[in-house]
Amino acid sequence: MTSVITHEVFNQSTPLVDANLFTGNRALQDALRFNRPGYDAERFAALGAAAGSAAMQQHARLANTFAPQLKSHDRFGRRIDEVEFHPSYHALMAAAMQQGLHGTPWSLGPGAHVDRAAAFMLFTEAEPGILCPISMSYAVTPALRANAAIHDDWGPGLASTQYDERFVPFQNKRGLTMGMGMTEKQGGSDVRANTTRAEPDGRDDWGERYRITGHKWFFSAPMCDAFLVLARTGHESAGALSCFFLPRWRPDGTLNALRIQRLKHKLGNHANASSEVEFHGAAAWLVGDEGRGIPQILAMGAITRLDCALGTAGLMRQALSIALHHTAQRHAFGKALAEQPMMRNVLADLALESEAATALALRLARAVDASENASDASGHEKLISRVLTPIAKFWICKRGSAFGQEAMECLGGNGYVEEQGEGVMARIYREMPLNSIWEGAGNIMALDLLRALRTGPVADALVHEMAPARGAHPALDAALARVLHGLDGATEEAQARRLARDTALVLQAALLRQHSTDAVFDAFCASRLAEASDVFGALPAGCDLAAIVERARLH
Ligand SMILES: Cc1cc2nc3c(=O)[nH]c(=O)nc-3n(C[C@H](O)[C@H](O)[C@H](O)COP(=O)(O)OP(=O)(O)OC[C@H]3O[C@@H](n4cnc5c(N)ncnc54)[C@H](O)[C@@H]3O)c2cc1C
């Protein structure tokens, strides 16, 4: 049978593939140079090439398309509680660990956390789902130090750059990962509602041992080698919440009593397994003081919140790059879409948002780095890290979904199509809300900002932080005055989101002033501070749209 030629395919864009995501990204390079002057350009160029490669994109597609499967029992009826992943999941995990995105930076000295932050952002553009266990393994170290024996035994494995996918006891593994369990059915944000209980069970090399009985309603990456979990000591529901180290295998080589009930059927984040679990008298060891479980586990939460900000900044950059690539190729009404005045306004506005997110997230990473490495005699960086964590997590993640929607719209109908995982923009859009929800949703971040205001002279710290940008734009000076007024500690709870947003915006503007171009800084102040930005693509007249878009293009 002869086939009929119905039409020729033309004016469709090509996939964005094999671009160097670092050397092409001026905003990231400038932010990194500002926060980490001695960064290793060669290492980042290599990572940028790998993260944007066709091979990595294929792994991401496969890891998301062939979602993890729970194997609760073997074929003989014995419980095994294993999750099976596509080989591409393991390839991505191995690549992330080889880059030292998990526990490695804690032993590398000054600058390592900033390097890792930039690398984490780049890796997010390859695949964010596998970064859940990577992020938790990174974040666990400050909390785990409170049990020196466990930290000594597990620290090297958590810092190893070798991924070991085998489900075997920790002594036999080349590299280890960890997760955390706080959320229960009756309470997530308010973990004081936790009912999981811990009963003393003796003492051994790892300290006070307990038997944990109860459940967790969200428990991501259950194939991690161990978890920090919250449970109540004492038999009464009013008993104190403590933090426990709960390994998948007991030290004697037997499987611990953690039952994976089922895997969550999620909107996105399909490469990552998120489960519901029960503990049937599982062996666990106390980490930190009894009754101090919430602050103990929040030492971990503070770092995963940094990763939420970094991850969203990475996703924004990925969506922006795809939108820029498509609109440069696709023509409508006689011109490339990117040349149409209104589309150019949309692209420029997205570029501002993406660069501002990158700037704020990397600044936070520098504060974490400086606090950790004692290069902070005045305590300024520690205070900035405390205050900026809820601000950056709140604002960057809150902007993510609106950003994803607008970037998707730049691709028209093609943006909405999944096509067996080929539709990267649709995947980004489904991923975006997650960073805003987990690790403390938006309101919880804003409430945490109010708490952070009581931990030190925050207004002074902000004045210091803003000094290089004072007088650079009248709208910035006016906005800063308003923000300083709100930092006096008298902000009502109902106004906390407003304060978090406004503080984020002035800090973003100050950072853009210091390491971006005049075109970007002026347009940011004009569109976010002089007036409220309610829709992308409404940058006021006078903004240098062409210069902003040209800077954002992957070079
Ligand atoms: C895919 C996925 C994976 C996850 N993985 C894990 C994991 O590995 N480990 C883990 O412990 N948890 C995990 N979580 C749980 C996550 O951290 C919680 O869902 C989140 O913290 C919110 O808790 P919640 O769902 O109980 O909502 P709730 O606490 O019921 O909150 C609902 C809403 O109310 C708001 N709210 C709560 N209190 C206040 C208040 N005082 N004032 C104003 N607003 C308020 C919140 O901001 C939120 O918007 C995961 C969640 C998801 C979606």
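This one's a predicted model, so the numbers in the text were calculated from it and none came from an experiment. As the structure lists them, so they are numbered: ligands from 1, and atoms in each ligand from 1.
- The protein heavy-atom contact nearest to atom 3 (C) of ligand 1 is Ser220 OG, 3.2 Å.
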With a 3.5 Å cut-off and sequence neighbours excluded, list the donor-acceptor pairs that the side chains of residues 285-296 form with protein atoms.
from   : atom 1 : to     : atom 2 : distance (Å)
Trp285 : NE1    : Asp204 : OD1    : 2.8
Trp285 : NE1    : Asp204 : OD2    : 3.1
Glu290 : OE2    : Thr233 : OG1    : 2.9
Gln296 : NE2    : Ala143 : O      : 2.9

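- For His113, the ring-ring contact (aromatic ring centres under 6.0 Å, His included) partners at least two apart in sequence or on another chain are Trp106, Tyr138.
- Here Glu439 has backbone heavy atoms under 4.0 Å from ligand 1, and that is the only part of it that gets that close.
- Counting only heavy atoms, the protein never gets under 4.0 Å from atom 25 (O) of ligand 1.
- Of all the listed residues (Leu230, Asn269, Thr183), Thr183 holds the heavy atom that lies closest to atom 16 (C) of ligand 1.
- Ser189 OG, 4.1 Å is the protein heavy atom nearest to atom 27 (O) of ligand 1.
- Heavy atoms of Leu447 found under 4.0 angstrom from ligand 1 belong exclusively to the side chain.
- Taking the centre of each ring, Trp206 and Phe170 come in below the 6.0 Å mark.
- Contacts between Ser274 and ligand 1 below 4.0 angstrom, taking non-hydrogen atoms only, involve the side chain exclusively.
- Taking both residues in full, the closest heavy atoms of Arg116 and Leu310 are given as NH1-CD1, 4.2 Å, listed atom of the first, atom of the second, then distance.
- Relative ring orientation between Trp249 and Phe167 is described as tilted, the plane-to-plane angle lying within the 30° to 60° band.
- Among protein heavy atoms, atom 44 (N) of ligand 1 sits closest to Asn443 ND2, 2.9 Å.
- Counting protein heavy atoms only, atom 11 (O) of ligand 1 is closest to Met182 N, 2.7 Å.
- Within a 4.0 Å radius of atom 34 (O) of ligand 1, the protein has no heavy atom.
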